[in-house]
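First listed ligand is number 1; within each ligand, the first listed atom is number 1.
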Amino acid sequence: MSRIFLYADSADREAVGGLLGDRLIHGVTTNPTILRREGLGAEAAADLYAEWTGRGAAEVFFQASGADVTSMEASGLRIAQLGSNAVVKVPATAIGFPVAARLAAADVPVLVTAVYSSAQAVTAAAIGARYIAPYLGRLDDAGVDGLALVREMVTLLSGTETHPLVASVRSPERIVELVASGVRHVTAAPTVLRAALLHDASDAAAAVFERDATV
Ligand code: G3P
């Protein structure tokens with residue numbers, strides 16, 4: 001039986017810091033859009049990396065960017081140089097795959113992101129990526145059965161050293177469905193991760209225990 005790894009898909013310092021402080025997540029995933037949402041750019045990566053690893057993040061993901069292979073690879077190498085807990089995200093594109101392959105060949109941990117097909121998943125595994133990130137919610141938005149596609153990827157990658165780390169996961173119920181489908185790595189917004197902790201009946205039971213503990 002293998003462990004389950006949850007990640008915060010966010011750069012909200014307070015929310016991410018809280019999850020790390022509560023030891024509820026293994027790491028933090030970001031992308032340029034997530035950074036931008038918090039008014040941050042690529043230059044914030046060093047500070048965020050130090051802050052999050054200092055609070056116990058085992059893996060911190062930043063995305064490489066660049067209009068060509070050379071500049072995207074340079075961006076990825078800058079991320080890798082943040083430290084051994086850094087993982088470089090590279091988009092599943094004609095530019096991104098060669099960058100991912102070069103970084104992986106240099107022993108840089110790589111996640112190929114925005115994976116929308118099993119062929120992309122297989123290619124990412126063939127070049128030695130540590131992770132692929134299919135976007136569950138966005139697959140569903142696009143009219144694809146996202147869970148069925150993720151299941152196919154799980155089967156295809158079984159026995160390889162490449163793991164699906166599923167993103168665009170918008171509810172606790174989706175996390176459960178993913179794990180039931182064999183996924184062991186899931187990233188979601190802090191609100192979704194916090195919601196996964198809660199059940200009204202648990203709160204009611206705990207309230208009774210508290211009351212009885214104090215009489
Ligand atoms: O990591 C990708 C994720 O941020 C996208 O989520 O819900 O906007 O599709 P969503």
K.L.:
Mind checking whether Arg170 has an N or O less than 3.5 Å away from an N or O of ligand 1?
P.N.:
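By distance alone, the answer is yes.
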K.L.:
Ion pair present between Asp145 and Arg151, side-chain N to carboxylate O less than 4.0 angstrom?
P.N.:
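So Asp145 does not pair with Arg151 through a salt bridge.
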K.L.:
Of all the non-hydrogen atoms in the protein, which one sits nearest to atom 5 (C) of ligand 1, and at what distance?
P.N.:
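For this ligand atom, the closest protein heavy atom is Arg138 NH2, 3.4 Å.
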K.L.:
Have a look at ligand 1 and work out which part of Asn31, if any, has a heavy atom under 4.0 Å from it: side chain, backbone, both or neither.
P.N.:
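The part of Asn31 near ligand 1 is the side chain, not the backbone.
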K.L.:
Is there a path of hydrophobic side-chain contacts, each under 4.5 Å between heavy atoms, that joins Leu103 and Ile79?
P.N.:
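Yes, same cluster.
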K.L.:
Under 4.0 Å between a Lys/Arg side-chain N and an Asp/Glu carboxylate O for Glu73 and Arg78?
P.N.:
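Between Arg78 and Glu73 there is no salt bridge, as every charged N stays at least 4.0 Å from the carboxylate O atoms.
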K.L.:
Students should be able to answer this: which protein heavy-atom is nearest to atom 10 (P) of ligand 1, and at what distance?
P.N.:
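Its nearest protein heavy-atom neighbour is Ser168 OG, 3.5 Å.
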K.L.:
Which atoms of ligand 1 are found less than 4.0 Å from any heavy atom of Asp9?
P.N.:
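Those qualifying, in numeric order: 1 (O), 2 (C), 3 (C), 4 (O).
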K.L.:
Donor-acceptor check, side chain of Asp140 to backbone of Gly146, threshold 3.5 angstrom: yes or no?
P.N.:
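Answer holds: yes.
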K.L.:
What atoms of ligand 1 come within less than 4.0 Å of a heavy atom belonging to Tyr135?
P.N.:
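That gives atoms 2 (C) of ligand 1.
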K.L.:
Ignoring hydrogens and geometry beyond distance, is a side-chain donor-acceptor pair present between Thr53 and Asn85 at under 3.5 Å?
P.N.:
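Short answer, no.
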K.L.:
Residue-level breakdown please: for Ala167 versus ligand 1, do any non-hydrogen atoms fall below 4.0 Å on the side chain, on the backbone, on both, or on neither?
P.N.:
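Ala167 to ligand 1: side-chain contact only, backbone stays beyond 4.0 Å.
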K.L.:
Taking the six-membered ring where the residue is Trp, are the ring centres of Tyr7 and Phe61 under 6.0 Å apart?
P.N.:
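Distance test on ring centres: under 6.0 Å, yes.
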